[in-house]
Amino acid sequence: MSLTIRSPKERSCVRCGRTEAWNEDVDAWRVPEGNEGEVACIHDWDVTGEFRPVER
């Protein structure tokens with residue numbers, strides 16, 4: 001039985017709604033155009049425990 005460790009591909013801020021997606025080409029989070037959210041927000045990423053990094 002082998003396990004695969006995964007990382008999230010997208011995330012969203014629960015305060016302002018900003019979304020980001022992981023860009024493999026630059027190894028960084030990128031914001032889709034038009035979804036910048038609130039500039040002054042201290043982003044609170046939606047980390048609820050629903051994402052499971054270990055896949056069997």
Side-chain angles (χ1 to χ4, degrees):
M1 171 163 75
S2 67
L3 296 176
T4 303
I5 305 295
R6 303 178 304 130
S7 58
K9 299 293 182 201
E10 46 187 47
R11 61 187 183 182
S12 60
C13 176
V14 296
R15 294 181 181 185
C16 72
R18 174 185 176 133
T19 60
E20 295 183 350
W22 184 255
N23 185 316
E24 295 285 337
D25 296 334
V26 294
D27 287 331
W29 291 101
R30 293 292 188 221
V31 179
E33 189 173 327
N35 200 359
E36 292 81 14
E38 192 64 39
V39 177
C41 182
I42 299 174
H43 300 299
D44 184 7
W45 301 114
D46 186 15
V47 182
T48 62
E50 291 179 15
F51 177 79
R52 296 179 185 223
V54 178
E55 186 176 273
R56 294 180 183 201

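For the single chain, residues carry numbers from 1 onward in sequence order. Just so you know, these numbers use all the heavy atoms, side chains as well, and skip hydrogens, waters and symmetry mates. All values derive from a computational prediction rather than experimental measurement.
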Calculate, to the nearest 0.5 Å, the distance between atoms CH2 and CD belonging to Trp45 and Glu10 respectively.
-> 11.5 Å

Hey, could you give me the NE2/CZ distance between His43 and Arg15, rounded to the nearest 0.5 Å?
-> 10.0 Å

What heavy-atom pair brings Thr19 and Ser12 nearest, and what distance separates the two atoms?
-> CG2-CB, 3.8 Å

Near Ile42 CD1, under 6.0 Å, is it more than 12 heavy atoms from other residues, nucleotides or ligands?
-> no

Hey, mind stepping through Val54 and Thr4 against side-chain contact (heavy atoms from CB on, under 4.5 Å) and telling me if it holds?
-> CA-CA 6 Å; Val54 178; Thr4 303; over 6 Å; no

